[in-house]
Amino acid sequence: MKKGDHLFLVDGSGFIFRAFHALPPLTRKSDGLPVGAVSGFCNMLWKLLTNARDTSVGVTPTHFAVIFDYSSKTFRKELYPDYKANRSAPPEELVPQFGLIRQATRAFNLPCIETDGFEADDIIATYARAAEAIGADVTIISSDKDLMQLVTPNVHMYDSMKDKQIGIPDVIEKWGVPPEKMIDLQAMVGDSVDNVPGIPGIGPKTAAQLLEEFGDLDTLLARASEIKQVKRRENIVANADLARLSRQLVALRTDVPLELGLDALVLEKQDGPKLVAFLKAMEFGSLTRRVADACDCDAGAIDPATVTVEWGAEARGPDLDPGAGDAQAVDPAPSGPVADARPSASEKAEGARAADLASARHEAFMGKPIDRAGYVTIRDVATLKSWVAAARETGLVAFDTETTSLDPMQADLVGVSLAVQDNAASPAAGPIRAAYLPLGHKAGGDDLFSDGVKLVEGQVPMAEALALLKDLLEDPSVLKVAQNLKYDYLVMKRHGITMVGFDDTMLISYVLEAGVGAHGMDTLSERWLGHTPIAYKDVAGSGKSAVTFDRVDIDKATAYAAEDADVTLRLWLVLKPRLAAEGLTRVYERLERPLVPVLAHMEERGITIDRQILSRLSGELAQKAASFEDEIYALAGERFNIGSPKQLGDILFGKMGLPGGSKTKTGQWSTSAQVLEDLAAQGIELPRKIVDWRQLTKLKSTYTDALPSYVHPETKRVHTSYSLASTSTGRLSSSEPNLQNIPVRNAEGRKIRTAFIATPGHKLLSADYSQIELRVLAHVADIPQLRQAFADGIDIHAMTASEMFGVPVEGMPSEVRRRAKAINFGIIYGISAFGLANQLGIERSEAGDYIKKYFERFPGIRDYMENTKAFAREHGYVETIFGRRAHYPEIKSSNPSVRAFNERAAINAPIQGSAADIIRRAMVQVEPALARMGLSERVRMLLQVHDELIFEVEDEAIEAAMPVIVSTMEHAAMPALSMRVPLKVDARAAHNWDEAH
DNA sequence: ACGTACACCTA
DNA sequence: GTAGGTGTACGTC
């Protein structure tokens, strides 16, 4: 390199983050792999390499390099362990793109540079200064403020997205100081993203003003006594050391050992075919054409390159360094699985540290008495401010709301409790302090002579308290910890506060121990702290004498409420490190925690039901049921309670002397639909009428009568509640009302679905996964015939029948297909000859033959089942494809039927649970995907029914929304892993749920 | 008032 | 054969 040369240095790691935020539409490869940032990167490189002169850089490079971060372990981390401590894992779709951008760089024949222990910025700084010393010019392709300290008359920066060059005047305009003072400015201001402390209370404006006055940081610190403003002076004096440390963190090193000298960065000629091969593999059509034209090569004659995608470590494992994932070649056709459970050495070390911390904390808290006498009642604004300040200081606060209702859509806020631990991060952590902030406690109005209901004296005014809490709860840098956060999230949302930055102890417990007991606070407190919290009914009473929480005496309320926050914080301290220790951080962060706001918003939106339709149906059902009742009484010869299985049994099997089928576990004759159908088949009239009557009364009581009672008085919609932590497999459950079991299987029941309607000007859009569990099975068990059938879009049950019975798919009798279908379902459920025989109404021996035949045809399924059982016996749990665990502590039971039941459940859980994980991922991804298309305001996700998502969509937005929803759902496993089987989603929009489904 | 059994709705 | 929730009847407290 010589004077007059021009070196281009691209901040590769920085580009990917900016590209992610700057390039709105999500670009995917045809297999679903997100490649938007790679695309932006390639286009940018091509432009700079071919016509940099026409951009605002205005010169052609002679030397060129792309620089990357190597790992998060740098000298800065040594210097200050909290450096970048707040940084969370990168957005999932970026992870595989880090590696792809390195490969892109090589395809462009450009040096790709990274150095252990240093950030990309330090390498850039070292090259820039070295080139400058020779007399060359430098352009740094980045707009990161951290690099602005490098700008000189010979070193410029270039914001490729805005096509804007950044020189000395631009830095001064933006920050108020010249580049050489940027280090001091950043040292004072700090950086909350990188967790550089800086001087509290000093922002960019103040820092610039101080630097103007004093010249530099050292002078400022030496002459700090001259500062007039008292508060500012004290602040700077007190934090002088922090400022010096911060300066070390923000100052870029210019002495990084360079493997490649400047001369090695000389710009080489492009290798056209190599670049075209890479671009083809990425499916960047227009860029491929442009490059092929320019290089004069025939794109059609070049095979796509084999591209290595690093993504395995993303699916599971406690932590991730970009580029440290397990690699797997996936091109041209992707073939999973790519997830590998084996943690890397650094992950193991981190897991071990976390395990030590978890057990130390468990030991410290287990059985330790909780001092309720120390709880504080916050009765004035000053005290509240001091608690908010304490939360900010430590960056961690346990949070709980007290309200008037268990239903967050109906609940009025009565009070808030907080708990903090000073010095939580150090081994000598301080004691936990907890407080209750009463806001809506009331008294009076309970007899005719009182002057009505009044707020109790000595409470902070609601509006003032909410304003203070809003700043805290919406600040992502303060971690809020709650138990069953979705509840508190909704209550606060209804008070205008959208919580950001949170953890949920219930969900952490669920990820650690799904299948082991419940995850309510009282249970967890017993299990992990050896402590029984005050019972709710002991403060609010129970039954007829129960009062709402706003009528509870404030002192009693303080003991109860503050304890909840106290216990929550203790649980978090004990449980959170266990996630990393068990390698479950990713499951929690990707599949669990992000669903809290998603579900809260769905619950908040609710869905409209047409009460007229339901009341008309209810009348019809009542009439029909009444006429059945007359007939039933006539046939029975007496009136009795048809709804009582006991009385019905007496009539059928006692009085009428019919042959009883099976018995229930309490020894009574069963009157199940199965038994009654069997009797009806023998030509007996009564049982058929009972079955029909039951169907009608079931529809009436559970649906047409009950649903209207759930219509919210203000929103006029029905708001279900989803439980994130009540299944062992990872499925959600829905209650009050349960909208996951609305009838669909027969015409009479489906009428109920016509009552679920869209708002005027909108439609309901239903999108459901086709055969998702069988596809998951084909993936995990890797069954060639199943994979092929799904790849070809063949009828899977017909294929199974054809394989088993040797019947051609064309013209197959429906009975043959029906049997195969039952077997396929049976497989998913952990098949038994007993169950299959029951389902098909055949002999157990015949069912056993079917199963044997099936396993002969699909030996991989038998292997999968045996391996799963062995895994469950060894570990006590099984895993989904994303690493979620379902525990089966009774899998080794000496009771054969208990054992067999647990084995079937263990076989089912990875299949059901993986499907549940996929739709969870889809739910997390779909709203951002819609937002990128500008559809946020026009499309609202309302319901989830295990393999189906229901949206309410503006009429004019349906066409745009449908492909976004379908594509997001079909590619929801990406980029965590690539499925061996395509996922298929069917979608339809209509005015009501029946027609949309 | 609360818990359990039974039956039946969904994926 | 898996995973859930709800309504009614009927027992116990």
Side-chain angles (χ1 to χ4, degrees), chain A residues 514-515 537 541-546 640-649 662-676 690-691 693-703 705-707 709-710 720-723 726-746 748-750 752-753 768-769 771-773 777 822-840 844 847 850-851 865 878 886 888 897 900-913 915-916 919 943-948 997:
Chain A
K537 66 175 185 337
S542 68
K544 224 177 163 183
S545 57
F640 66 103
N641 187 344
I642 310 170
S644 163
K646 189 171 172 291
Q647 291 185 32
L648 177 62
S662 56
K663 290 205 171 176
T664 68
K665 62 181 169 189
T666 51
Q668 291 207 50
W669 286 112
S670 168
T671 65
S672 67
Q674 179 68 61
V675 170
L676 299 181
I690 305 283
V691 170
W693 177 88
R694 275 186 182 163
Q695 194 209 335
L696 297 170
T697 53
K698 171 76 180 180
L699 293 177
K700 181 170 186 292
S701 66
T702 310
Y703 302 106
D705 289 351
L707 283 173
S709 72
Y710 287 102
T720 183
S721 172
Y722 288 104
S723 172
S726 54
T727 72
S728 51
T729 55
R731 272 196 180 173
L732 304 178
S733 74
S734 156
S735 63
E736 291 177 297
N738 181 354
L739 296 185
Q740 291 181 325
N741 71 344
I742 304 303
V744 70
R745 289 182 185 172
N746 61 55
E748 194 68 35
R750 260 209 308 277
I752 290 160
R753 290 201 172 210
D768 69 302
Y769 284 104
Q771 308 279 15
I772 187 166
E773 294 192 346
L777 176 68
I823 294 167
N824 277 334
F825 273 96
I827 293 295
I828 289 169
Y829 296 155
I831 201 150
S832 77
F834 180 84
L836 184 62
N838 261 348
Q839 178 66 31
L840 286 176
R844 198 170 338 166
Y850 282 170
I851 295 169
M865 290 183 163
V878 291
Y888 294 94
S897 71
F901 175 77
N902 276 273
E903 287 175 352
R904 291 194 297 271
I907 288 168
N908 171 257
I911 304 169
Q912 189 187 114
I919 198 165
L943 302 178
Q944 188 253 40
V945 192
H946 306 311
D947 65 358
E948 176 189 13
H997 182 75

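Every chain is numbered from 1 and lettered A, B, ... according to where its sequence line falls, protein lines coming before strand lines. Just the heavy atoms: all of them, side chains too, but no hydrogens, waters or symmetry mates, feed the values below.
- Residue A/Ile742 is classed as a sugar-phosphate contact, given heavy-atom separations below 4.0 Å to backbone atoms only.
- Scanning all heavy atoms of the two residues, the minimum distance from A/Ala706 to A/Ser709 falls at O-OG, 2.6 Å.
- Between A/Thr664 and the phosphate of B/dC6, there is a side-chain N or O to OP1/OP2 separation shorter than 4.0 Å.
- Within 6.0 Å of the CD atom in A/Glu736, the count of heavy atoms belonging to other residues, nucleotides or ligands does not exceed 12.
- At a cut-off of 3.5 angstrom, the base of B/dC9 holds no donor-acceptor pair with the side chain of A/Lys698.
- No engagement by A/Thr697 is indicated, since no non-hydrogen atom pair under 4.0 Å with the nucleic acid exists.
- Protein atom CG of A/Leu739 is 14 Å distant from nucleotide atom C1' of B/dA11, rounded to whole Å.
- A sub-4.0 Å separation between OP1 or OP2 of C/dA9 and a side-chain N or O of A/Asn641 is present.
- Within the 4.5 Å cutoff, the side chain of A/Leu707 has heavy atoms near those of the A/Ile752 side chain.
- Between the side chain of A/Arg731 and the backbone N or O of A/Gln912, no donor-acceptor pair lies under 3.5 Å.
- Nucleic acid contact for A/Ser734: sugar-phosphate only, since backbone atoms but no base atoms lie under 4.0 Å from a heavy atom of the residue.
- For the pair A/Thr666 and B/dC6, the criterion of a side-chain N or O lying under 4.0 Å from OP1 or OP2 is met.
- A/Phe901 comes within 4.0 angstrom of the backbone, heavy atoms only, and of no base.
- The residue A/Glu948 sits apart from the nucleic acid: no heavy atom pair falls under 4.0 Å.
- Of all heavy-atom pairs between A/Ser662 and A/Trp669, the closest is O-CE3, 3.7 Å.
- Side-chain contact check for A/Thr727 versus A/Leu732: every heavy-atom pair is 4.5 Å or farther apart.
- Close to C/dT2, at under 4.0 Å from its OP1 or OP2, lies no side-chain N or O of A/Thr729.
- Here A/Ser832 lies in heavy-atom contact (under 4.0 Å) with a base.
- For the pair A/Tyr829/A/Leu836, no side-chain contact is recorded, criterion being any heavy-atom separation below 4.5 Å from C-beta on.
- Checking C/dG1, B/dA1, B/dT10 against every side-chain atom of A/Arg753, the shortest atom distance belongs to B/dT10.
- Going from atom CD of A/Gln647 over to atom P of B/dA7 covers 14 Å, rounded to whole Å.
- Comparing atom distances between the A/Thr702 side chain and each of C/dT6, B/dT10, C/dA3 picks out C/dT6 as nearest.
- To the nearest angstrom, P of C/dG5 lies 11 Å from CG of A/Leu732.
- Among the nucleotides C/dG5, B/dA7, B/dA11, the one closest to the side chain of A/Ser735 is C/dG5.
- Note: CZ (A/Arg750) to P (B/dC9) measures 14 Å, nearest angstrom.
- Counting any heavy atom pair closer than 4.0 Å across all strands shown, A/Ala673 reaches sugar-phosphate atoms only and no base atom.
- Residue-level contact check: A/Glu736 touches the backbone only, with heavy atoms under 4.0 Å from sugar-phosphate atoms and none from bases.
- Looking at heavy-atom distances under 4.0 Å, A/Ala822 makes contact with a base.
- Base contact: A/Ile831 has a heavy atom under 4.0 Å from a base atom.
- Taking the side chain as every heavy atom from C-beta outward, A/Leu676 and A/Arg694 approach each other to under 4.5 Å.
- In this entry the distance linking OH of A/Tyr888 with P of C/dT2 reads 10 Å, nearest Å.
- Taking 4.0 angstrom as the limit, A/Gln674 places none of its side-chain polar atoms (N or O) nearer than this to OP1 or OP2 of B/dA7.
- OP1 and OP2 of C/dT8 both lie 4.0 Å or more from every side-chain N or O belonging to A/Arg694.
- Atom NE2 of A/His946 and atom P of C/dT2 are 16 Å apart (whole Å).
- Residue-level contact check: A/Gly830 touches neither bases nor backbone, having no heavy atom under 4.0 Å from any strand.
- Protein atom CD1 of A/Ile827 is 18 Å distant from nucleotide atom C1' of C/dA3, rounded to whole Å.
- Of the candidates C/dG7, B/dT10, C/dG4, C/dG4 carries the atom nearest the A/Thr727 side chain, counting heavy atoms from C-beta on.
- The distance from atom CG of A/Leu696 to atom P of C/dG7 is 18 Å, rounded to the nearest whole Å.
- Note on A/Thr671: a side-chain N or O is less than 4.0 Å away from OP1 or OP2 of B/dA7.
- Remark: the A/Gln740 side chain and the B/dT10 base include no donor-acceptor N/O pair separated by less than 3.5 Å.
- Distance from the side chain of A/Gln695 is smallest for B/dC9 among the nucleotides C/dT2, B/dC9, C/dG4.
- Scanning atom types as modelled, no donor and acceptor separated by under 3.5 angstrom connect the side chain of A/Arg904 and the base of C/dA3.
- Across all strands, A/Ala706 comes closer than 4.0 Å only to sugar-phosphate atoms, never to a base (heavy-atom distances).
- In the set C/dG7, B/dC9, B/dC6, the nucleotide with an atom closest to the side chain of A/Pro645 is B/dC6.
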